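Chain identifiers are assigned alphabetically (A, B, ...) following the order of the sequence lines, protein sequences preceding nucleic acid strands; residue numbering begins at 1 within each chain. Every heavy atom of this structure was used, including side-chain atoms; hydrogens, water molecules and symmetry mates were not. Predicted model, so just to flag it, every value in this text is computed and none were measured.
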Amino acid sequence: MYYVSMFIQYAGQYMKTRLQYRADVLVEIFSDFLFQAVNLIFILVVFGHTQSLSGWNQNEIIFIYGFFLIPFAIFGAFFNIWDFNERYIVKGEMDRILTRPIHSLFQVTLERMELESLFGAVTGFAVMMYAGSQLGLPFYWHDPLVFTLFTVGGVLVYAGIFIMIASISFYSDSRTSIMPMMYNIGNYGRYPVDIYNKAIRFVLTWILPFAFVGMYPAAYFLRKEEWYTYAFLTPIVGVAFFLIAVFVWNQGVKQYRGAGN
Amino acid sequence: MDKYIEMVRIRFLMMLAYRTNYYSGILIYSINIGAYFFLWSAIYGDKGNIQGLSVLQMSTYVAVAWMARAFYFNNIDREIALEIKEGKVAVELLRPYHYLGMKTMQAFGEGVFRLLFFSMPGMIFIAFVFPLEFPGNAATWIFFALSLVFSFIINTQINLLTGIMTFFLFNNDGLIRAKRVVVDLFSGLLLPISFYPGWAQGVMQYFPFQAISYVPNMIFTEAYKGNELLQALLYQGIWAILLLIPIQLLWMLAKKQMVIQGG
């Protein structure tokens with residue numbers, strides 16, 4: 001309960017600061033939108049020259065992309081910790097965090113919230129709905145439930161991976177560029193994994209399970225039964241990765257010695 | 001002139017001091033190229049060629065596009081924005097050089113560093129992993145190098161324009177992000193321009209973006225030959241000159257704007 005009220009207070013403060021710079025918020029939403037459009041244009045142009053991608057057609061690929069955008073947007077809004085090392089470790093902000101009585105990870109994520117990213121989920125939903133109607137996908141009463149479960153799973157996969165990478169900062173305070181690399185690898189999960197070779201498929205499923213954010217769960221709604229097992233693993237993999245990440249984080253905090261003076 | 005060359009040297013040495021970051025950079029770019037390699041193989045399927053490019057040329061195109069990006073890519077728009085926000089630009093203007101010229105030289109120092117420590121080793125690494133086709137013709141290499149210099153000039157000019165916009169917008173993080181996305185798409189980094197539908201190609205001709213990535217890549221893959229090649233270089237040259245006009249105009253306006261802010 002305490003954590004919920006904490007969240008509401010932070011969100012309120014956040015809205016106030018953002019509304020001070022309305023033009024900037026608008027430009028940022030616009031540039032996010034542009035970024036999503038670029039990926040969509042890429043798919044459209046590619047399918048101007050081919051009929052299928054390892055047996056997946058254009059609308060199926062667009063559907064996967066639409067689904068991917070939703071957990072990705074939620075992750076972006078609440079776990080925007082890509083500059084954790086620079087902001088909290090190098091500048092010593094972590095010391096301030098640790099003196100406070102809420103869990104350090106929760107506090108860091110609260111401080112780095114970027115709620116305008118949530119607009120990406122709206123575009124994602126629209127894209128998915130469009131592709132879904134083109135494909136004439138069947139709809140069942142339990143789909144919204146499964147969808148919620150898979151979305152949460154996807155967010156937790158993303159959050160887990162990025163929290164683990166952020167935790168590296170506790171052990172080594174040198175700057176690394178692993179974070180942008182992860183964003184790039186994350187993009188792999190948006191395409192059907194059967195186009196990649198076995199090694200990459202294994203990495204995307206069990207080591208950096210980005211395929212659980214896009215392709216696997218989307219395959220369930222595309223009614224591709226051969227992928228159902230993987231699809232239903234989504235929430236389990238999500239929870240597992242997130243728990244491991246929190247454990248690694250907690251160990252890291254114990255290890256942390258503070259920066260500078 | 002000496003002081004500008006000194007700028008290039010200083011930035012180069014600065015980059016050298018932080019070079020460990022670049023090893024992971026090579027890995028990032030390789031992963032990107034790898035992703036696109038598999039994606040394009042799937043797109044080609046059993047098709048021999050699409051829009052005049054074979055699979056081999058396409059994977060070479062992707063590899064060269066990303067490695068060339070390391071050379072022309074720079075963050076001077078962000079640097080200019082930061083110096084304007086922090087007010088440091090006022091001091092910079094008092095110094096005995098042209099601020100924008102100096103920024104360009106810093107970008108060049110960074111570009112040369114990345115070319116030597118990033119693109120070249122990266123390209124060798126990539127060539128071992130994926131099948132690529134290098135031009136055997138010495139002239140192609142020379143034209144490619146020339147074209148790459150133009151890429152650098154035009155991309156830097158666009159960055160200068162974005163940076164100067166901070167004078168008018170105060171906070172332009174959003175604009176910088178939007179510019180990066182537009183350049184990635186319309187420069188031909190992600191997709192060769194010839195893959196776009198005809199009407200889109202027609203529109204893109206009137207913008208300088210394809211001079212950044214598409215032209216040098218097409219020269220490198222030897223898809224451009226003879227007259228077409230010369231025309232492409234001319235296109236780059238014309239844009240490099242044309243872009244000086246808005247930069248000069250905005251810079252003059254910006255300096256006036258500065259006085260008001262500082263007053």
(request) Go through the atoms of B:Ile43 and report whether side chain, backbone, both or neither lie under 4.5 Å from a heavy atom of chain A. (result) both

(request) Look up atom CZ in A:Phe35 and atom CG in B:Asp184, then write down how far apart they are to the nearest 0.5 Å. (result) 8.5 Å

(message) Less than 4.5 Å to any heavy atom of chain B: does that hold for the side chain of A:Tyr191, its backbone, both, or neither?
(response) side chain

(request) Select, from B:Ile50, B:Asn32, B:Leu39, the one with the greatest count of heavy-atom pairs under 4.5 Å involving chain A. (result) B:Leu39

(request) Check whether more than 12 heavy atoms from other residues, nucleotides or ligands sit under 6.0 Å from atom CZ of A:Phe33, and answer yes or no. (result) no

(message) So for B:Lys47, is it side chain, backbone, both, or neither that comes closer than 4.5 Å to the heavy atoms of chain A?
(response) side chain

(message) Non-hydrogen contacts under 4.5 angstrom with chain B: give the residues of residues 43-53 of chain A involved, or none if there are none.
(response) A:Val45, A:Val46, A:His49, A:Thr50, A:Ser52, A:Leu53

(message) Tell me if the CZ atom of B:Phe118 is crowded by more than 12 foreign heavy atoms within 6.0 Å.
(response) yes

(message) For B:Phe125, I'd like to know if atom CZ has over 12 heavy atoms of other residues, nucleotides or ligands within 6.0 Å.
(response) no

(message) Testing the basics here: between A:Ser31 and B:Gly174, what is the closest heavy-atom pair and its distance to 0.1 Å?
(response) CB-O, 3.7 Å

(request) Give a yes or no on this: more than 12 heavy atoms of other residues, nucleotides or ligands lie within 6.0 Å of atom OH of A:Tyr14. (result) yes

(message) Let me confirm one number: the CZ-CD1 distance from B:Phe186 to A:Ile41, rounded to the nearest 0.5 Å.
(response) 5.5 Å

(request) Check whether more than 12 heavy atoms from other residues, nucleotides or ligands sit under 6.0 Å from atom CZ of B:Phe38, and answer yes or no. (result) yes

(message) So for A:Asn197, is it side chain, backbone, both, or neither that comes closer than 4.5 Å to the heavy atoms of chain B?
(response) both

(request) Check B:Val181 against A:Leu34 and note the closest heavy-atom contact, atom names and distance. (result) CG1-O, 3.9 Å

(message) Just to be sure I understand the criterion: a residue of residues 212-224 of chain B counts if one of its heavy atoms is under 4.5 Å from a heavy atom of chain A. Which ones qualify?
(response) none

(request) Assess whether atom OH of A:Tyr228 is packed by more than 12 heavy atoms of other residues, nucleotides or ligands within 6.0 Å. (result) yes

(request) Using a cut-off of 6.0 Å, state whether more than 12 heavy atoms not belonging to A:Phe42 lie near its atom CZ. (result) yes

